[in-house]
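Following: one structure in structure tokens, then a few remarks.
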Amino acid sequence: MVVVCGAMASATVVVQRADLLADLDRRVSDAVERSQGGLQYRTGGATDLGFLDERGQPVGTLAARFDDDGRVIAAEVVTGDGRRKALSAAQRAALAGIAPDGSLHTRTVPDLGTYRLTALAGDGVPVLAGLPMDDVQSVIDDLVVVEAVITALGLAVAGGVSAVVVRRQLRPLARVAATAVEVARVPLDRGEVGALTRVPARDTDPGTEAGQVGAALNRLIDHVEHSIAARQHGEEAMRRFLADASHELRTPLASIAGYAELMDRGSERIDPELAWRRVSAQSARMSGLVEDLLLLARLDEGRPLQQAEVNVATLVAEAVWDARAAGSDHEWQLALRLGGGRASVVGDAARLHQVVANLLANARLHTPAGTRVTVVVEATDADCVIRVQDDGPGIPADLLPSVFERFTRGDTSRNRATGGSGLGLAIATAITQAHGGRIEAQSGPEHTEFAVRLPAAGPTSDTTAPEL
């Protein structure tokens with residue numbers, strides 16, 4: 001604004017000065033032409049400047065006569081009282097060198113100021129006429145002062161209005177910055193973190209730059225909160241996992257230590273052979289738990305599994321026969337619903353067998369004798385689904401959301417015979433996800449179903465399902 005106002009003021013002054021100077025030049029030219037006309041009717045000699053007495057000559061009008069060599073032979077100026085005053089030698093010297101060709105010149109005459117001058121020869125002795133530039137310079141000076149005052153006032157008003165408008169427009173950004181500072185002061189690396197402050201909705205208008213920044217900051221805070229919640233959940237899950245794993249390992253270790261102490265004392269209250277059998281059993285229990293934990297760790301690390309085409313129908317049939325042998329007090333059924341599809345997937349047969357075995361063991365251990373367990377294999381061109389269904393009492397509603405988490409048990413007594421270690425479904429979930437599938441559970445009174453959905457293998461060769 002300063003540059004624009006300065007340019008406008010300068011242009012105004014330049015244009016006005018040029019206009020005033022052009023008017024002055026016209027009046028000077030008129031004055032010298034009138035002087036030539038007056039000479040034709042005057043009887044004075046070569047030094048006669050009587051035309052200065054004519055009416056209409058303004059104060060300060062200057063006139064001079066030249067000889068043939070261009071030297072000033074007479075020069076006078078009209079004073080403030082209307083009389084003529086002869087110029088001094090120094091003042092005459094300032095008029096030297098002006099050719100009588102009608103061209104305009106600017107000269108500074110001592111004690112008189114700056115003049116606009118011109119000379120014209122005409123029919124007689126050359127005559128010089130000039131008018132002072134004081135009026136022009138006075139108008140220009142006044143114009144500069146007025147322009148400066150107007151510019152200063154305009155800039156002051158514009159600056160004040162701009163400051164108010166800019167500060168008002170930046171208030172949302174200031175509130176966004178305050179929110180960012182408040183969030184930055186929250187210790188996010190430790191302890192429990194509550195709800196973080198958000199930018200108010202009025203400062204998240206996507207139509208403004210400040211609103212876009214506020215909306216982006218809210219999205220960032222959402223991501224931070226989600227990350228913190230995931231971290232806290234992970235820390236809580238890790239603490240729970242360590243506590244459960246420690247308890248599971250401590251129980252067999254305590255049993256082994258107890259039997260070892262009894263045998264070391266030579267106690268007659270326990271048969272050494274029985275003690276060794278119990279030690280072996282507890283060692284096997286602890287080894288199984290460690291193997292389960294190692295398997296989960298390998299799956300969590302994303303280690304690749306064996307890749308081969310697996311006939312799901314055959315795999316499930318073998319698992320059902322094994323479960324029937326282990327749980328003869330249950331009723332076992334197998335149904336193959338291939339519908340023209342191939343019940344084949346690409347993966348690790350041993351691990352997939354472990355998934356089915358864990359689901360069947362879970363149904364056998366957590367349902368009473370006489371429960372009917374139905375295993376259904378469904379195959380389409382897109383996927384292969386294994387459904388394990390039973391008509392037992394079902395899974396408690398409060399346990400169902402966390403049934404696939406590690407160390408989740410329906411029996412909190414941690415009895416190996418009924419509760420197990422709580423890793424079976426977690427292992428089944430991890431293996432299924434490692435094969436690109438998913439496992440789901442739904443339960444209600446007299447109906448519980450676990451569904452394992454795996455991507456089907458591509459068409460290679462026909463696979464015949466076993467007859468059961």
Side-chain angles (χ1 to χ4, degrees), residues 9-148:
S10 300
T12 302
V13 170
V14 170
V15 172
Q16 187 66 25
R17 185 178 186 278
D19 185 66
L20 293 175
L21 193 59
D23 180 70
L24 180 63
D25 290 345
R26 179 182 56 77
R27 290 191 290 119
V28 171
S29 298
D30 291 343
V32 74
E33 289 176 0
R34 287 198 305 271
S35 68
Q36 285 292 329
L39 291 175
Q40 297 176 4
Y41 302 101
R42 298 187 67 84
T43 58
T47 61
D48 181 24
L49 296 174
F51 66 89
L52 291 178
D53 294 330
E54 296 176 0
R55 299 177 62 180
Q57 298 291 354
V59 176
T61 301
L62 183 149
R65 302 285 293 274
F66 299 96
D67 59 14
D68 295 337
D69 297 329
R71 289 175 299 183
V72 178
I73 57 178
E76 295 179 351
V77 63
V78 178
T79 61
D81 56 1
R83 298 180 181 182
R84 296 184 301 172
K85 180 182 179 181
L87 301 185
S88 64
Q91 292 172 334
R92 291 183 180 186
L95 306 178
I98 297 177
D101 55 3
S103 61
L104 294 162
H105 302 268
T106 301
R107 295 289 177 88
T108 299
V109 180
D111 299 330
L112 294 181
T114 302
Y115 271 76
R116 193 69 170 165
L117 305 169
T118 185
L120 193 64
D123 297 333
V125 179
V127 178
L128 178 147
L131 293 174
M133 298 182 62
D134 292 343
D135 293 342
V136 173
Q137 192 61 43
S138 177
V139 172
I140 296 300
D141 291 343
D142 293 342
L143 180 61
V144 169
V145 172
V146 172
E147 291 280 355

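For clarity, every value in this text was computed on a predicted model and none was experimentally measured. Below, each value reflects all heavy atoms present in this structure, side chains not excepted, and no hydrogens, waters or symmetry copies.
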### Task
Using side-chain hydrogen bond (donor to acceptor under 3.5 Å, both in side chains) as the criterion, list what pairs up with D81, not counting sequence neighbours.
T79

Exercise answer: donor-acceptor pairs, residues 87-106 side-chain atoms, under 3.5 Å, sequence neighbours excluded:
{"from": "S88", "atom 1": "OG", "to": "Q91", "atom 2": "N", "distance (Å)": "3.4"}
{"from": "S88", "atom 1": "OG", "to": "Q91", "atom 2": "OE1", "distance (Å)": "3.4"}
{"from": "Q91", "atom 1": "OE1", "to": "S88", "atom 2": "N", "distance (Å)": "2.9"}
{"from": "Q91", "atom 1": "NE2", "to": "P110", "atom 2": "O", "distance (Å)": "2.9"}
{"from": "D101", "atom 1": "OD1", "to": "S103", "atom 2": "N", "distance (Å)": "3.1"}
{"from": "D101", "atom 1": "OD1", "to": "S103", "atom 2": "OG", "distance (Å)": "2.7"}
{"from": "S103", "atom 1": "OG", "to": "H105", "atom 2": "NE2", "distance (Å)": "2.9"}
{"from": "T106", "atom 1": "OG1", "to": "R116", "atom 2": "NH1", "distance (Å)": "2.5"}

### Message
Could you walk me through whether V77 and T61 satisfy the side chain to side chain contact (heavy atoms under 4.5 Å, CB included) test, starting with their C-alpha distance in whole Å, then the side-chain angles of each, then the deciding distance to 0.1 Å, before giving a yes or no?
### Response
CA-CA 6 Å; V77 63; T61 301; over 6 Å; no

#### Entry: side-chain contact (heavy atoms from CB on, under 4.5 Å), paired with E76, selected from R84, R83, R65
R84

### Task
Give the minimum heavy-atom separation between A64 and V72, together with the two atoms involved.
CB-CG1, 4.2 Å

Name each donor-acceptor pair under 3.5 Å that joins a side chain in residues 11-24 to protein atoms two or more places apart or in another chain, with its distance.
{"from": "T12", "atom 1": "OG1", "to": "M8", "atom 2": "O", "distance (Å)": "2.8"}
{"from": "D23", "atom 1": "OD1", "to": "R26", "atom 2": "NH2", "distance (Å)": "2.5"}
{"from": "D23", "atom 1": "OD2", "to": "R27", "atom 2": "NE", "distance (Å)": "3.4"}

### Message
Ignoring hydrogens, what is the shortest heavy-atom contact between A119 and F66? Give both atom names and the distance.
### Response
CB-CE1, 4.3 Å

### Query
Got a sec, which residues hit side-chain contact (heavy atoms from CB on, under 4.5 Å) with D142, two or more places apart in sequence or on another chain?
S138

### Task
Give me the one residue out of L62, V32, T118 that meets side-chain contact (heavy atoms from CB on, under 4.5 Å) with L128.
L62

### Message
Can you list everything that forms a side-chain hydrogen bond (donor to acceptor under 3.5 Å, both in side chains) with S10? Sequence neighbours excluded, please.
### Response
none

#### Entry: Interatomic distance, D30 atom CG to D25 atom CG [nearest 0.5 angstrom]
11.0 Å

